[in-house]
Amino acid sequence: MPSADRFSAADHAHMARALQLAAHGHFTTSPNPRVGCVIVRDGRVVGEGWHARAGTPHAEIHALQAAGDAARGATVYVTLEPCSHHGRTPPCAEALIQAGVARVVAAMNDPNPLVAGGGIAMLTLAGIQAEVGLLEAGARALNPGFVSRMTRQRPWVRLKTASTLDGKTALANGASQWITGAAARADVQTLRARACAILTGSGTVLADNPRMNVRDFDIGRQPLRVVVDSALRTPADAAILPALVACHHAEPAMRAALEQAGAEVVALPGTDGRVDLAALLALLAQRGINELHVEAGAGLNGALLAAGLVDEWVAYLAPLAVGDDARGLFAHAPLAALSDAARFTLTDVRQVGADLRLTLLPA
């Protein structure tokens, strides 16, 4: 693999454009990765493309179709290693070979074990100069869920919270509408839209009866809705249904009522009568879930945090203070020392309407 300094300024510019193109598929490619492609011949862009939806042509194919005969002898910039296996579509590496391109620059290797270097090897064997590693960080940032599912066999878990400045999500009586403003709530819709699934707990379902769907974007799909409900308390007329309901033990009558309402009930027993959250994430990965968006109460938030299953935390902070008796963000066992606290690193801070949005990763 060449070092980054072996790439020219033109290489960087064309790959940056490929990353821009890949972002066009931000809400629609699930369960596939977001990929962009630029084809350049004699210093001129002759073809561009991005992957829009699973089952449709990949970014390379769109770019090759746009380039036509101009692809022969050209350089191809693609944000992910071209695939080398037959899936829903034929291998892109073969298409590039048949088009007669001279050079392929990929931002990163494909973490999919079915590819994992196979595309680069296929191109190299065909006499095409193949290089990997240009703007890799940007390519990985586009697809944290796909990389997670392929390398860890679980989705990328993005936890969203909305709280007051003193860390409260609702008053003691449960009143929570609305802590954050309209702009922040609209911003949350973008997080939901990019997710493959939305996770909440039965406590939130019982308290708020949320739909947990995407309303502000026409993305041609709805994320899978998932409820952690150890004791199957979700009502058969809950607005979140149909959904996947994960329980500890599926009592037959309750299960039947939920299934009649369109739910899929899955028993994933863990300890202390709770759902095995790691097993749930593994199940979701098996079903092609890349990014899991979490909007839940303190109980599920705390359980995910304690289990080390939070990959990203998006925290909306409203300029309010409501006092000690209001409800908090995380419920878990008391800590004996500050050194035991979960620590995060701020990666982004911005104002959304009257509120702040903090994006954090585990330290």
Side-chain angles (χ1 to χ4, degrees), residues 137 140-141 144-145 147-148 151-176 179-180 184 188 191 199-204 207 226 228-231 246 248 268-282 284-285 291-352 355-363:
R140 286 185 173 273
V147 173
S148 178
T151 60
R152 303 188 298 175
Q153 292 74 53
R154 71 170 183 84
W156 179 266
V157 177
R158 181 178 293 110
L159 174 67
K160 169 261 172 183
T161 62
S163 69
T164 61
L165 280 181
D166 52 350
K168 305 301 181 180
T169 62
L171 300 181
N173 63 11
S176 62
I179 284 177
T180 52
V188 171
L191 298 180
L199 176 71
T200 194
S202 57
T204 298
V226 184
V228 174
D229 185 1
S230 297
H248 183 272
L268 298 169
T271 59
D272 300 327
R274 298 181 178 180
V275 171
D276 185 332
L277 295 175
L280 175 59
L281 296 186
L284 294 175
E291 295 183 24
L292 179 64
H293 174 85
V294 181
E295 291 188 37
L300 183 52
N301 288 348
L304 288 166
L305 188 66
L309 298 176
V310 175
D311 297 309
E312 180 181 348
W313 180 12
V314 181
Y316 294 86
L317 296 180
L320 306 172
V322 293
D324 285 345
D325 64 344
R327 300 182 183 183
L329 286 166
F330 299 97
H332 53 69
L335 302 180
L338 277 176
S339 59
D340 297 330
R343 296 186 180 274
F344 290 83
T345 299
L346 274 167
T347 62
D348 185 75
V349 181
R350 65 186 64 194
Q351 186 167 350
V352 181
D355 306 310
L356 281 181
R357 187 186 76 191
L358 313 182
T359 302
L360 309 101
L361 299 178

S.K.: Would you say D348's side chain and L360's backbone share a donor-acceptor pair under 3.5 angstrom?
M.R.: no
S.K.: Just how far is it from atom CG of L305 to atom CZ of F344, taken to the nearest 0.5 Å?
M.R.: 5.0 Å
S.K.: Using a strict 4.0 Å threshold on nitrogen-to-oxygen distance, state whether D355 and R357 make a salt bridge.
M.R.: no
S.K.: Indicate yes or no: at least one non-hydrogen side-chain atom of R154 is less than 4.5 angstrom from one of S148.
M.R.: yes
S.K.: Do the side chains of V226 and L280 get nearer than 4.5 Å, heavy atoms only?
M.R.: yes
S.K.: Carefully, step by step, assess L281 and L292 under the rule side-chain contact (heavy atoms from CB on, under 4.5 Å).
M.R.: CA-CA 9 Å; L281 296 186; L292 179 64; 3.4 Å; yes
S.K.: Have T359 and W313 got a donor and an acceptor in their side chains that come within less than 3.5 Å?
M.R.: no
S.K.: Should V294 and N301 be marked as a side-chain contact (heavy atoms from CB on, under 4.5 Å) after you check the CA-CA gap, both sets of side-chain angles, and the distance that decides it?
M.R.: CA-CA 8 Å; V294 181; N301 288 348; 4.2 Å; yes
S.K.: Can you name the closest pair of heavy atoms from D276 and P269 and give their distance?
M.R.: CB-O, 3.8 Å
S.K.: Tell me the closest heavy-atom pair linking I179 and A170, and the distance in Å.
M.R.: CD1-N, 3.9 Å
S.K.: Let me know which of V157, V228, L199 forms a side-chain contact (heavy atoms from CB on, under 4.5 Å) with L277.
M.R.: V228
S.K.: Using a 4.5 Å cut-off on heavy atoms from C-beta on, say whether the side chain of L317 contacts that of S163.
M.R.: yes
S.K.: Could you tell me if the side chain of V188 sits less than 4.5 Å from the side chain of K160, heavy atoms only?
M.R.: yes
S.K.: Any side-chain heavy atom of R158 within less than 4.5 Å of one from D311?
M.R.: no
S.K.: What pair of heavy atoms forms the shortest contact from G145 to W156, and how long is it?
M.R.: CA-CB, 3.6 Å
S.K.: When you compare the side chain of P144 with that of E312, does any pair of heavy atoms fall below 4.5 Å?
M.R.: no
S.K.: Can you confirm whether L300 sits close enough to T200 that some side-chain heavy atom of one is under 4.5 Å from a side-chain heavy atom of the other?
M.R.: no
S.K.: Is it true that a side-chain atom of D166 and a backbone atom of G323 form a donor plus acceptor pair closer than 3.5 Å?
M.R.: yes
S.K.: Tell me whether the count of non-hydrogen atoms from other residues, nucleotides or ligands lying under 6.0 Å of CG in L335 goes above 12.
M.R.: yes
S.K.: Is there a side-chain contact (heavy atoms from CB on, under 4.5 Å) between L346 and L358? Walk through the geometry before answering.
M.R.: CA-CA 7 Å; L346 274 167; L358 313 182; 3.8 Å; yes
S.K.: So, the side chain of D272 versus the backbone of R274: is there a donor-acceptor pair under 3.5 Å, distance only?
M.R.: no
S.K.: I'd like to check R350 versus L356 (side-chain heavy atoms, cut-off strictly below 4.5 Å). Are they in contact?
M.R.: no
S.K.: Quick one about H293 and E295 (side-chain donor to acceptor, distance below 3.5 Å, no hydrogens or angles considered), yes or no?
M.R.: yes
S.K.: Taking all heavy atoms of T204 and all of G297, pick out the closest pair and write down the distance.
M.R.: OG1-N, 3.3 Å
S.K.: Show the nearest heavy-atom pair for residues Y316 and A184, with the distance to one decimal.
M.R.: CD2-CB, 3.8 Å
S.K.: Can you tell me how far apart CZ (F330) and CG (L159) are? Round to the nearest 0.5 Å.
M.R.: 5.0 Å
S.K.: Between K168 and D324 (salt bridge meaning N to carboxylate O under 4.0 Å), is one present in this structure?
M.R.: no
S.K.: Between S230 and H248, is there a donor-acceptor pair closer than 3.5 Å when you use the side chain of the first and the backbone of the second?
M.R.: no
